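Heads up, the thing below is written out as structure tokens.
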Amino acid sequence: MNRSVLLIGLGGFVGSVSRYWVQQYFLRYVPVGFPLGTFLVNVVGCLLIGLFLGFFERHTHVSLSWRLFLTTGFCGGFTTFSTFAYESVTLGRTGGLLLLAIYAAGSLLLGMLAAFLGFWAARFI
């Protein structure tokens with residue numbers, strides 16, 4: 001099997017398990033009737049991918065293996081756009097249209113802002 005595929009898979013495993021732990025924590029300890037765990041994971045994931053990509057742009061010596069592990073693997077496994085879509089549909093179907101609007105707009109806007117801030121902050125690493 002190709003080394004890159006193995007690294008992406010390992011990163012995806014670590015990211016997916018991390019996402020699960022964050023979601024379970026918020027479901028258990030911060031039950032707010034809002035998918036806060038997924039929301040935070042998406043925003044943090046966007047920040048991380050911005051940091052990673054900005055860092056890699058400045059530090060070109062970082063191997064392709066690390067790049068694939070952290071971005072395609074970890075961030076790909078950690079962020080949850082498919083879960084985001086499912087939860088958005090669920091909020092809409094249950095009549096939580098205000099929550100749906102807050103969740104969708106907040107995820108998009110804060111995610112994009114976090115990616116920008118991560119990319120910007122990587123200049124200082």
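Just so we're clear, the structure is a prediction, and the values are computed from it rather than from any experiment.
- Cluster membership for V41 and L110, using ILVMFWY side-chain heavy atoms within less than 4.5 angstrom, is shared.
- Atoms CD1 and OG, on I102 and S107 in that order, are 11.0 Å from each other to the nearest 0.5 Å.
- Note on V43: it clusters hydrophobically with L100, by side-chain heavy-atom contacts below 4.5 Å among ILVMFWY residues.
- The line from CG of L64 to CG of L68 is 4.0 Å long, rounded to the nearest 0.5 Å.
- Using bins of under 30°, 30° to 60° and over 60° for the plane-to-plane angle, the ring pair F52/F56 lands in the parallel bin.
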F116/C46 under side chain to side chain contact (heavy atoms under 4.5 Å, CB included): CA gap, chis, key distance, verdict: CA-CA 9 Å; F116 173 81; C46 290; over 6 Å; no
Would F74 and L48 count as a side chain to side chain contact (heavy atoms under 4.5 Å, CB included) here? Give the steps. CA-CA 10 Å; F74 179 80; L48 288 175; 3.8 Å; yes
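- For the pair R3 and S65, the minimum side-chain heavy-atom distance is below 4.5 Å.
- Counting only heavy atoms from C-beta outward, the side chains of F26 and V30 approach each other to under 4.5 Å.
- Side-chain contact check for P35 versus L91: some heavy-atom pair is nearer than 4.5 Å.
- Distance CG/L40 to OG1/T80: 10.5 Å, rounded to 0.5 Å.
- If you chain together hydrophobic residues whose side chains sit under 4.5 Å apart, L70 and F13 fall into the same group.
- The line from CH2 of W21 to CD of Q24 is 12.0 Å long, rounded to the nearest 0.5 Å.
- Between F81 and F84, a ring centre-to-centre spacing shorter than 6.0 Å is recorded.
- Aromatic ring pairs are classed by plane angle as parallel below 30°, tilted from 30° to 60° and perpendicular above 60°; the pair Y25 and Y29 is tilted.
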Worked verdict on N42 versus T38 for side chain to side chain contact (heavy atoms under 4.5 Å, CB included): CA-CA 6 Å; N42 282 333; T38 301; 3.8 Å; yes
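- By the 4.5 Å heavy-atom criterion applied to side chains, F78 and V44 are counted as neighbours.
- Across all their heavy atoms, R19 and T79 have their closest contact at NH1-O, 3.4 Å.
- Both V17 and V22 are part of a single hydrophobic cluster, where members link through side-chain heavy atoms under 4.5 Å apart.
- Remark: L117 CG to L47 CG distance equals 7.0 Å, nearest 0.5 Å.
- A distance below 6.0 Å separates the ring centres of F34 and Y103.
- Closest approach of G45 to C75, counting heavy atoms only: O-SG, 4.1 Å.
- Cluster annotation: W66 and V14 are assigned to the same hydrophobic cluster (Ile/Leu/Val/Met/Phe/Trp/Tyr, side-chain heavy-atom contacts under 4.5 Å, transitive).
- Note that the CG atom of L99 and the OG1 atom of T94 stand 8.0 Å from one another [nearest 0.5 Å].
- Closest non-hydrogen pair, H59 versus I125, comes out as NE2-O, 2.9 Å.
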Applying side chain to side chain contact (heavy atoms under 4.5 Å, CB included), run through E57 and F119 and close with a yes or a no. CA-CA 9 Å; E57 187 175 274; F119 197 83; 3.5 Å; yes
